[in-house]
Student: 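First, the structure itself, so that you have it in front of you.
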Amino acid sequence: MDLIQINHKCYYFQGPVNVGYINQGDFGVLIDTGIDKQVMKHIIRKLDEKSLPLTHLFITHAHADHYGGAKFLQTQKTILTYAPQIEEAILRNPVFEPMYLLQGNRPLDEMRNKFLEAPPIEIDHIVSEGLLLFGSIKVELVALPGHSINQLGVKVGNILYAADGYFGSEQLTKHKIPFIIDADATLATIEKLLSMSGVGMVPGHGTYEENPAKTLIENYDHHVSIVTTMYETLHQFKDGCNFETFMKEMCRNWEVTLPSLSVWSLYRTALYAYLIKGIEDKRISYIIKDYSPCFILND
């Protein structure tokens, strides 16, 4: 992971999961940690080589790829850790993530991997949207829900660490149906980001852009395309479609492969998020039919 300097105080480590870093004087804030101990070792070494301080840690949301290295960091440095409300409960009890992905059941061993469950961490301060000081570093926490229930981005000056509020183009192409838990909130978050003129952004996955409007519009259109495919799929089933068939047809249309229960559970959650949008928009109705939820497009 390369340490890329954006301006006099803002940096980020570019990798599969980006890690932000802000420095001012004797204070240094890390924004997320990457997926595991090895990533964190590399980050600590790079900061030490450049004599950059590390005094605070902010976790944007409780997905394992964004905080997997945090436990190791807490054992190596005296550091204050901040996290959003609700997300912090999962950070302290990481088994909640594979549990909710498996509908609340005790997760199978396959679900308890480093991509879905990181080591538990201590949280010193639970925070919400608004202004915050990390020592002398003044930031604005920005609510960016949709991908996660209470994800917060970090804005310092005209730079926003946007976490998974949106994705780089390559990630949209790779995952095809991005992981979300709330489709309406996801679209509203992208609209919110588009309204921030003159703000450069670092996504959780992708590259920093001084003007991210094109990528944000691509994200918005991508989600709308998924919603359109949903309605087209349900249109084929005049008497309703059970979820298993709906998921199979959606994954087939978007050429998604499901090699494991972990991957299946992620796509299942995302597809339910789009269905919920359709239901709340009064475009879709549902009933229980033949012992299964059945979804019907309202003509």
Side-chain angles (χ1 to χ4, degrees), residues 1-7 9-22 31-35 58-61 63 65-66 84 129 139-230 250 253-256 266-267 269-271 273-274 277:
M1 297 179 75
D2 296 325
L3 178 60
I4 297 171
Q5 186 166 5
I6 301 171
N7 60 26
K9 65 167 67 172
C10 295
Y11 306 70
Y12 77 108
F13 289 89
Q14 186 176 357
V17 181
N18 293 327
V19 175
Y21 176 74
I22 308 166
I31 302 168
D32 293 336
T33 68
I35 195 165
F58 182 78
I59 303 296
T60 60
H61 65 293
H63 288 166
D65 58 334
H66 286 259
E129 186 175 33
V139 305
E140 179 185 357
L141 302 181
V142 181
L144 303 173
H147 175 75
S148 184
I149 191 168
N150 198 25
Q151 176 176 249
L152 292 176
V154 180
K155 184 173 178 290
V156 52
N158 64 343
I159 303 298
L160 175 69
Y161 296 93
D164 289 349
Y166 74 102
F167 297 97
S169 297
E170 290 184 6
Q171 283 66 40
L172 291 177
T173 301
K174 176 182 177 181
H175 296 292
K176 300 171 183 178
I177 300 176
F179 181 81
I180 61 170
I181 64 165
D182 185 327
D184 276 332
T186 295
L187 291 170
T189 282
I190 296 170
E191 290 175 339
K192 183 176 186 176
L193 294 173
L194 277 165
S195 73
M196 296 181 182
S197 60
V199 175
M201 297 183 189
V202 181
H205 308 267
T207 58
Y208 166 74
E209 292 180 286
E210 187 174 336
N211 180 7
K214 181 180 178 181
T215 305
L216 289 168
I217 292 169
E218 183 182 358
N219 271 253
Y220 193 93
D221 290 346
H222 192 89
H223 289 292
V224 171
S225 293
I226 295 170
V227 172
T228 300
T229 304
M230 173 177 69
M250 288 292 289
N253 277 319
W254 282 88
E255 299 181 341
V256 168
L266 292 168
Y267 280 98
T269 302
L271 287 169
Y274 293 108
K277 172 177 173 53

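These numbers come from the heavy atoms of this one structure, side chains and all, not from hydrogens, waters or symmetry mates. The first residue in the sequence is number 1, and the count goes up from there. Just so we're clear, the structure is a prediction, and the values are computed from it rather than from any experiment.
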Student: Would you confirm whether Asp2, through its side chain, and Ile4, through its main-chain N or O, come within 3.5 Å as a donor-acceptor pair?
Tutor: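 Not a single qualifying donor-acceptor pair exists.
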
Student: For a quick check under 3.5 Å, do Glu209 and Thr215 share a side-chain donor-acceptor pair by atom type?
Tutor: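 Side chains of Glu209 and Thr215: pair found under 3.5 Å.
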
Student: Below 30° counts as parallel, above 60° as perpendicular, anything between as tilted: where do the rings of His147 and His63 land?
Tutor: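 Perpendicular: the ring planes of His147 and His63 meet at over 60°.
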
Student: Can you label the angle between the His66 ring and the His61 ring as parallel, tilted or perpendicular, going by 30° and 60°?
Tutor: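 Ring orientation of His66 relative to His61: tilted.
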
Student: Please report the interatomic distance NE2(His222) to CD(Gln171), rounded to the nearest 0.5 Å.
Tutor: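 These two atoms lie 11.5 Å from each other.
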
Student: Are Tyr161 and Tyr12 packed together at the side-chain level, in the sense that at least one heavy-atom pair is separated by less than 4.5 angstrom?
Tutor: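 Yes, close enough: below the 4.5 Å cut-off.
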
Student: Where is the tightest heavy-atom contact between Gln151 and Gly165, given as atom of each residue plus distance?
Tutor: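 It is NE2-N, 3.3 Å.
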
Student: Taking side chain to side chain donor-acceptor pair (under 3.5 Å) as the definition, give me every residue that meets it alongside Ser148, ordered by chain and number, with sequence neighbours left out.
Tutor: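 In terms of side chain to side chain donor-acceptor pair (under 3.5 Å), with neighbours along the sequence ignored, Ser148 is linked to Glu87.
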
Student: Which distance, rounded to the nearest 0.5 Å, do you find between the CD1 of Ile226 and the OG1 of Thr186?
Tutor: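 Going from CD1 on Ile226 over to OG1 on Thr186, the span is 9.5 Å.
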
Student: Hey, does the side chain of Lys176 reach the backbone of Pro178 with a donor-acceptor pair shorter than 3.5 angstrom?
Tutor: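 Not a single qualifying donor-acceptor pair exists.
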
Student: To the closest 0.5 Å, what do you measure between OG1 (Thr189) and CG (Leu187)?
Tutor: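 CG of Leu187 is found 9.0 Å from OG1 of Thr189.
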
Student: Are the side chains of Phe58 and Asp32 in contact, using a 4.5 Å heavy-atom criterion?
Tutor: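 No, their side chains stay 4.5 Å or more apart.
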
Student: Would you give the length of the straight line joining atom CE of Met201 to atom CD1 of Ile159, rounded to the nearest 0.5 angstrom?
Tutor: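 Rounded to the nearest 0.5 Å, the CE-CD1 separation comes out at 9.5 Å.
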
Student: Quick one, Val19 with Met1, criterion side chain to side chain contact (heavy atoms under 4.5 Å, CB included). Give me CA distance, side-chain angles, the key distance, then yes/no.
Tutor: CA-CA 9 Å; Val19 175; Met1 297 179 75; 4.1 Å; yes

Student: Show the nearest heavy-atom pair for residues Tyr166 and Leu193, with the distance to one decimal.
Tutor: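 The pair with the smallest heavy-atom distance is CD2-CD1, 3.7 Å.
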
Student: Between Ser225 and Trp254, is any pair of side-chain heavy atoms under 4.5 Å apart?
Tutor: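 Yes, their side chains come closer than 4.5 Å.
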
Student: Does Leu3 have more than 12 heavy atoms from other residues, nucleotides or ligands lying within 6.0 Å of its CG?
Tutor: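 Yes.
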
Student: Hey, could you give me each pair passing salt bridge (charged side-chain N to carboxylate O under 4.0 Å, His left out) that has a residue in residues 182-201? Not counting sequence neighbours.
Tutor: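 Pairs touching residues 182-201 that pass the test: Glu129-Lys192, Asp184-Lys277.
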
Student: Using side-chain heavy atoms (C-beta onward) and a distance below 4.5 Å, is Asp164 in contact with Phe179?
Tutor: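 Not in contact.
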
Student: Verify the neighbour count for atom CD of Glu170: are there more than 12 heavy atoms of other residues, nucleotides or ligands below 6.0 Å?
Tutor: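 No, because the 6.0 Å sphere around CD of Glu170 holds 12 heavy atoms or fewer from other groups.
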
Student: State, with a plain yes or no, whether a side-chain heavy atom of Val17 is found less than 4.5 Å away from one of Thr33.
Tutor: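 The answer is no; the side chains never approach within 4.5 Å.
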
Student: Using the side chain to side chain donor-acceptor pair (under 3.5 Å) criterion, which residues pair with Ser169? Sequence neighbours excluded.
Tutor: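 Per chain and number, Ser169 pairs via side chain to side chain donor-acceptor pair (under 3.5 Å) with Glu218.
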
Student: Just so I know, are the side chains of Val156 and Cys10 near enough to count as touching, which here means a heavy-atom distance under 4.5 Å?
Tutor: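 Val156 reaches Cys10 side chain to side chain.
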
Student: Under 4.5 Å between any side-chain heavy atoms of Ile180 and His223, yes or no?
Tutor: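 Counting from C-beta outward, Ile180 and His223 do come under 4.5 Å.
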
Student: Below 4.5 Å, heavy atoms only, C-beta onward: do Pro145 and Asn150 meet side chain to side chain?
Tutor: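 The answer is no, as the side chains (C-beta and beyond) never meet within the 4.5 Å cut-off.
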
Student: Take Leu144 and Leu152 through the test side chain to side chain contact (heavy atoms under 4.5 Å, CB included) and record every step on the way to the result.
Tutor: CA-CA 5 Å; Leu144 303 173; Leu152 292 176; over 6 Å; no

Student: Minimum heavy-atom separation for Asn18 to Gln14, with atom names?
Tutor: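 Looking at all heavy atoms of both residues, the shortest contact is OD1-CA, 3.4 Å.
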
Student: Rounded at 0.5 Å granularity, tell me how far CG in Leu266 sits from CG in Leu271.
Tutor: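 So the CG of Leu266 and the CG of Leu271 are separated by 11.0 Å.
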
Student: Which heavy atom in Ala273 sits nearest to a heavy atom in Ala183, and how many Å separate them?
Tutor: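 Distance-wise, the nearest heavy atoms are O-CB, 3.7 Å.
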
Student: Output the distance between atom CD1 (Ile190) and atom CG (Asn219), rounded to the nearest 0.5 Å.
Tutor: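 Ile190 atom CD1 to Asn219 atom CG measures 5.0 Å (nearest 0.5 Å).
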
Student: Could you walk me through whether Val142 and Leu160 pass the side chain to side chain contact (heavy atoms under 4.5 Å, CB included) check?
Tutor: CA-CA 9 Å; Val142 181; Leu160 175 69; 4.2 Å; yes

Student: Quick one, Asp65 with His205, criterion side chain to side chain contact (heavy atoms under 4.5 Å, CB included). Give me CA distance, side-chain angles, the key distance, then yes/no.
Tutor: CA-CA 11 Å; Asp65 58 334; His205 308 267; 3.3 Å; yes

